[in-house]
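Heads up, the thing below is written out as structure tokens.
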Amino acid sequence: MSNEEKILSSNFIRNIIADDLKQNKNEGRVHTRFPPEPNGYLHIGHAKSICLNFGIAEEHEGGLCNLRFDDSNPEKEDLEYVEAIKEDVRWLGFDWQDRLFFASDYYLQLYDYAVILIRAGKAYVESLSLEEIREYRGTLTQPGKASPDRDRSIEENIDLFERMRSGEFEDGKYILRAKIDMASPNMNLRDPAIYRIKKAHHYRTGDEWCIYPMYDFTHGISDALEGITHSLCTLEFEDHRPLYDWFLEQLPIPCHPQQIEFSRLNLSYTVTSKRKLNELVTGGYVDGWDDPRMLTIAGMRRRGYTAAAIRDFCERIGVTKNDTIIDMSVLENCVREDLDKTTRRVMGVLKPLRVVIENYPDDQSEELDAPYHPNDPDMGSRIVPFSKVIYVEHDDFMEEPPRKFFRLGPGREVRLRYAYFITCNEIIKDEHGDVVELRCTYDPETKGGNAPDGRKVRGTIHWVSAEHALDAEVRVYDRLFNDPEPDSNQHDRDWKEFLNPESIEILDNAKLEPSLSKAKAGDQFQFERLGYFNVESKNSKAGKPVFNRTIPLRDSWSKKR
RNA sequence: UGGGGCGUGGCCAAGCGGUUAAGGCACUGGGUUUUGAUCCCAGCAUUCCCAGGUUCGAAUCCUGGCGCCCCAGCCA
């Protein structure tokens, strides 16, 4: 049989598509699209949409998924975002092949469709001001009233619309509105704007246009032009579906995709909104869109989260219309699960404590062979040098250890991983009373980590030979927010007040085993007993690499205390 | 007393009139272990927002409540 055919959990969208296929709807085609606006970087919520849209296409024979940039607002969009988004989608493992589209490529067609609407008496040029339009629109409980321009003649509408396009009017002077129903209980149907004047430079069409179509008008038509069968979007567009359908019903387009809405992703202890992430970036709260603490795709990549882990996560959380907050531990579990099986184990000491092994010969050192993965011999092994002076983790020593502490303490014996048993004999402190060095003895009979007399030790700790150590900087990250729901409307404080001031800790004096000197940017490792780390792509220098802690190991000890 | 949605364990989620109400995360206990990791095994909803009703039988159908989310951009 073929390799692991993954059993996919059913969800309401998969069920709808399965039914459609059963009825041979759309001639059996399945064609989706991922339609980002290039106004920021993609985040974990977009990953859900990407996995859904591209995933559904992949699940069906002949299924296709387009990448389409929904760029109808020149003031917010930029080529930088287009490039970043393409990279992110590719990195996640998806391929749009030759189907890269831009709504801005449809501007002329969109304009022609607007003219068709006007000629059919279904759209008119509005001269009311923004404020007046708001007034005329009514409220949630009161119907709106007709604008005086609602009955403008078709000829006049055509003339005005052409002049809007030619640049005759200033921004805001006119808009083109669909003529639907000012009394509709659905606000979106109260004659929504479909074109506005914006004398702005567009990152793709330049100054060719000074009027730009609105989302509702653009999106459905773009879907239809591309032959999309299922147009998946988030719940806030549910109220827009009647409008989506209305445009396609009015226009001579022989394709009417089905819009299906699902709930957007919320994760505890973070924010998943492009607007808020943008605010963190521009406000200098983080180090750019790819800050490893950000749940942007670029940030997660830099942090060391893998595409496979993110895809797995998106499958595990499911797709529904429920308003939910996924526990961050689900994502973290996916990351650990993937890294556990793919990553080499090495030793590194984050907060070094010097240990002198008094009975070890002064000028001796030996090379110990240590496997890269205890459960996967195929990963091979590397040489780890051992010598008289080593570093151990400061946290692995306690002067007055509690009863269940298995590590180093006065008079205690522990195993140095893959090396020897050592016993702590003496503690050396500085003038502040801080422990700065340990004097230990080793048992030469325990080489490799086993005592011939059958004696057991409870603790095994990691270490690095001082003279062979590679100096490194390690960046340890924690959650970006202290509150599980920083942007909850239950709070009366601004969401940024919940930023965790300790979300990054820079350890400038880490000591790593020498095999790591060959590590390249992006390489990932497990530092035994600590967690998973990768070589930071931006700040590493030759001879002084920077490592990001992707995620710590699960730690039932710290939980117990 | 506008409209549109949603409500299954701590967090997700399958379930589509007959199942002991899947599964994952979290948590708890036990086993293996030279990472207090991984792995393994076990436990974790007499009940599906509430109340009525239909039915031999309801998380699934009906009625009525309650709670939460979204909508009054010339943003998407």
Side-chain angles (χ1 to χ4, degrees), chain A residues 7 9-11 15 35-37 39 70-73 75-77 126 129-130 133-135 137-144 171-177 183-190 192-198 211-212 214-216 218-219 233-242 261 263 268 274-275 315-334 336-337 340-341 345 347 373-375 404-407 415-419 421 448-450 456-462 484 489 526-531 552-560:
Chain A
I7 296 124
S9 166
S10 86
N11 64 49
N15 293 345
E37 185 190 12
N39 66 344
D70 218 341
D71 54 353
S72 53
N73 186 351
E75 288 166 342
K76 293 187 175 172
E77 296 153 6
E126 174 66 85
S129 71
L130 204 129
I133 288 174
R134 190 178 300 138
E135 261 174 54
R137 188 152 33 221
T139 68
L140 293 177
T141 51
Q142 289 169 307
D171 290 14
K173 172 77 176 161
Y174 292 109
I175 61 166
L176 183 71
R177 302 177 77 174
S184 172
N186 182 343
M187 299 294 282
N188 295 300
L189 264 25
R190 318 244 265 230
I194 61 185
Y195 263 93
R196 74 286 214 197
I197 302 170
K198 267 186 198 293
I211 57 171
Y212 292 91
M214 299 287 291
Y215 165 82
D216 287 303
T218 308
H219 198 87
C233 62
T234 43
L235 240 34
E236 65 269 28
F237 293 104
E238 205 151 21
D239 288 345
H240 294 237
R241 189 178 349 122
E261 311 83 11
S263 53
S268 60
K274 238 194 245 175
R275 204 210 90 223
E315 181 55 34
R316 287 193 202 196
I317 56 176
V319 180
T320 68
K321 303 181 76 150
N322 300 343
D323 186 11
T324 61
I325 302 170
I326 309 285
D327 200 296
M328 188 64 101
S329 67
V330 180
L331 211 209
E332 293 176 337
N333 176 71
C334 291
R336 286 199 188 96
E337 203 171 294
D340 172 63
K341 50 180 200 273
R345 272 105 238 251
M347 290 194 286
H373 193 123
N375 309 323
K404 293 286 238 178
F405 187 81
F406 301 151
R407 287 110 91 159
R415 171 164 43 232
L416 295 175
R417 172 130 242 216
Y418 299 128
F421 287 8
N450 286 301
K456 302 286 181 207
V457 288
R458 294 300 299 274
T460 300
I461 64 174
H462 58 278
N489 55 19
Q526 184 197 98
F527 289 2
E528 292 213 35
R529 304 208 310 128
L530 296 176
L553 253 30
R554 207 175 260 113
D555 183 2
S556 56
W557 161 244
S558 68
K559 227 173 274 171
K560 232 174 265 176

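Letters A, B, ... mirror the listed sequences (proteins, then strands); counts begin at 1. Excluded from the calculations below are hydrogen atoms, water molecules and symmetry mates; all remaining heavy atoms, backbone and side chain alike, are included.
Searching all strands for a Watson-Crick or G-U wobble partner of A51(B) with both distances below 3.5 Å returns U63(B). The partner of G2(B) is C71(B), by the rule that a Watson-Crick or G-U pair needs both atom distances under 3.5 Å. With both pairing distances under 3.5 Å, U32(B) is matched to nothing as a Watson-Crick or G-U wobble pair. Base pairing annotation: C56(B) forms a Watson-Crick or G-U wobble pair with G18(B), both donor-acceptor distances under 3.5 Å.
Rounded to whole Å, the distance from CG on Asn333(A) to C1' on G23(B) is 13 Å. Rounded to an integer number of Å, the gap from Arg415(A) CZ to U33(B) C1' is 10 Å. Spacing between atom CD1 of Ile326(A) and atom C1' of C25(B) amounts to 10 Å, rounded to whole angstrom units. The CG-C1' distance, from Asp555(A) to U35(B), rounds to 11 Å in whole Å. At whole-Å resolution of the value, CD1 in Ile325(A) and P in G10(B) are 15 Å apart. Rounded to whole Å, the distance from CD on Gln142(A) to C1' on G3(B) is 15 Å. Atom CZ of Arg190(A) and atom P of G4(B) are 13 Å apart (whole Å). Look at CD on Glu337(A): it is 14 Å from C1' on A37(B), rounded to the nearest Å.
Residue Thr324(A) places its side chain closer to A13(B) than to any other of C69(B), A13(B), U35(B). Closest approach to the Arg529(A) side chain among G36(B), A37(B), C16(B) is made by G36(B) (side chain taken as heavy atoms from C-beta onward). Here the nucleotide nearest the side chain of Val330(A), chosen from C25(B), G2(B), G36(B), is C25(B). Relative to the side chain of Lys321(A), the nucleotides G36(B), A37(B), G5(B) differ in distance, and G5(B) lies closest. If you check G5(B), G36(B), A37(B) against the side chain of Lys404(A), the one that comes closest is G36(B).
OP1 or OP2 of A13(B) sits under 4.0 Å from a side-chain N or O of Thr320(A). The side chain of Arg336(A) places no N or O atom within less than 4.0 Å of a non-bridging phosphate oxygen (OP1 or OP2) of U38(B). In this model, the phosphate group of A22(B) is not approached by any side-chain N or O of Ser9(A) to a distance below 4.0 Å at OP1 or OP2. Contact check, Ser10(A) against G15(B): a side-chain N or O comes under 4.0 Å of OP1 or OP2. Considering only side-chain N and O atoms, Asn489(A) lies under 4.0 angstrom from the phosphate OP1 or OP2 of C69(B). Dashed line: the shortest gap from a side-chain N or O of Asn322(A) to OP1 or OP2 of G7(B) is under 4.0 Å.
G23(B) and A14(B) are spaced 7 Å apart, taking the C1' atom of each and rounding to whole Å. Distance check on atom C1': G30(B) versus C68(B) gives 41 Å, rounded to whole Å. Spacing between A37(B) and A76(B) at atom C1', rounded to whole Å, works out to 44 Å. Nucleotides G29(B) and C44(B) are separated by 15 Å at their P atoms, to the nearest Å. Here the separation of U47(B) from U1(B), taken at their P atoms, is 33 Å to the nearest Å. Between U35(B) and A42(B), the distance separating the two C1' atoms is 25 Å to the nearest Å. For the C1' atoms, the distance linking G67(B) with G31(B) amounts to 45 Å, nearest Å. Spacing between U60(B) and G52(B) at atom P, rounded to whole Å, works out to 14 Å.
Using a 4.0 Å heavy-atom criterion, one finds that Pro242(A) contacts no nucleic acid atom at all. Residue Arg316(A) is in sugar-phosphate contact alone, with no base atom involved, counting any heavy-atom pair closer than 4.0 Å across all strands shown. Contacts of Asp340(A) with the nucleic acid, taken as non-hydrogen atoms under 4.0 Å apart, involve only primed sugar atoms and P, OP1 or OP2. If you check every strand for non-hydrogen atoms under 4.0 Å, Arg345(A) touches a base. Among the heavy atoms of the strands, none lies under 4.0 Å from Glu332(A). Using a 4.0 Å heavy-atom criterion, one finds that Tyr212(A) contacts no nucleic acid atom at all.
The shortest distance between side-chain heavy atoms of Ile197(A) and Ile175(A) does not fall below 4.5 Å.
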Review point. Does the side-chain contact (heavy atoms from CB on, under 4.5 Å) test come out yes or no for Arg529(A) and Thr460(A), once each step is laid out?
Key: CA-CA 9 Å; Arg529(A) 304 208 310 128; Thr460(A) 300; 5.6 Å; no
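Here Glu37(A) does not pair with Lys274(A) in a salt bridge; the nearest charged N to carboxylate O distance is not below 4.0 Å. Ion pairing between a basic and an acidic side chain is recognised when a charged N comes within 4.0 Å of a carboxylate O; Arg345(A) and Asp340(A) show such pairing.
Here the OG atom belonging to Ser184(A) is positioned 6.5 Å from the CZ atom belonging to Arg190(A), to the nearest 0.5 angstrom.
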Point to revise | Nucleotide-resolved protein contact map, nucleotides 71-76 of chain B, B/S/- at heavy-atom distance under 4.0 Å | key: BBSBSB
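Between Asp327(A) and Ser329(A), the side chains place a donor N or O and an acceptor N or O closer than 3.5 Å (distance only, hydrogens not considered).
A syn base is found at G73(B): its glycosidic angle is within 90° of 0.
In this structure, Asn11(A) and Ile461(A) both approach RNA chain B, and ranking their closest nucleotides by distance from the 5' end singles out Asn11(A).
For Lys173(A), the NZ atom sits in a loose shell: 12 or fewer heavy atoms of surrounding residues, nucleotides or ligands are nearer than 6.0 Å.
The base of G36(B) is paired with the side chain of Arg407(A) by a donor and an acceptor separated by under 3.5 Å.
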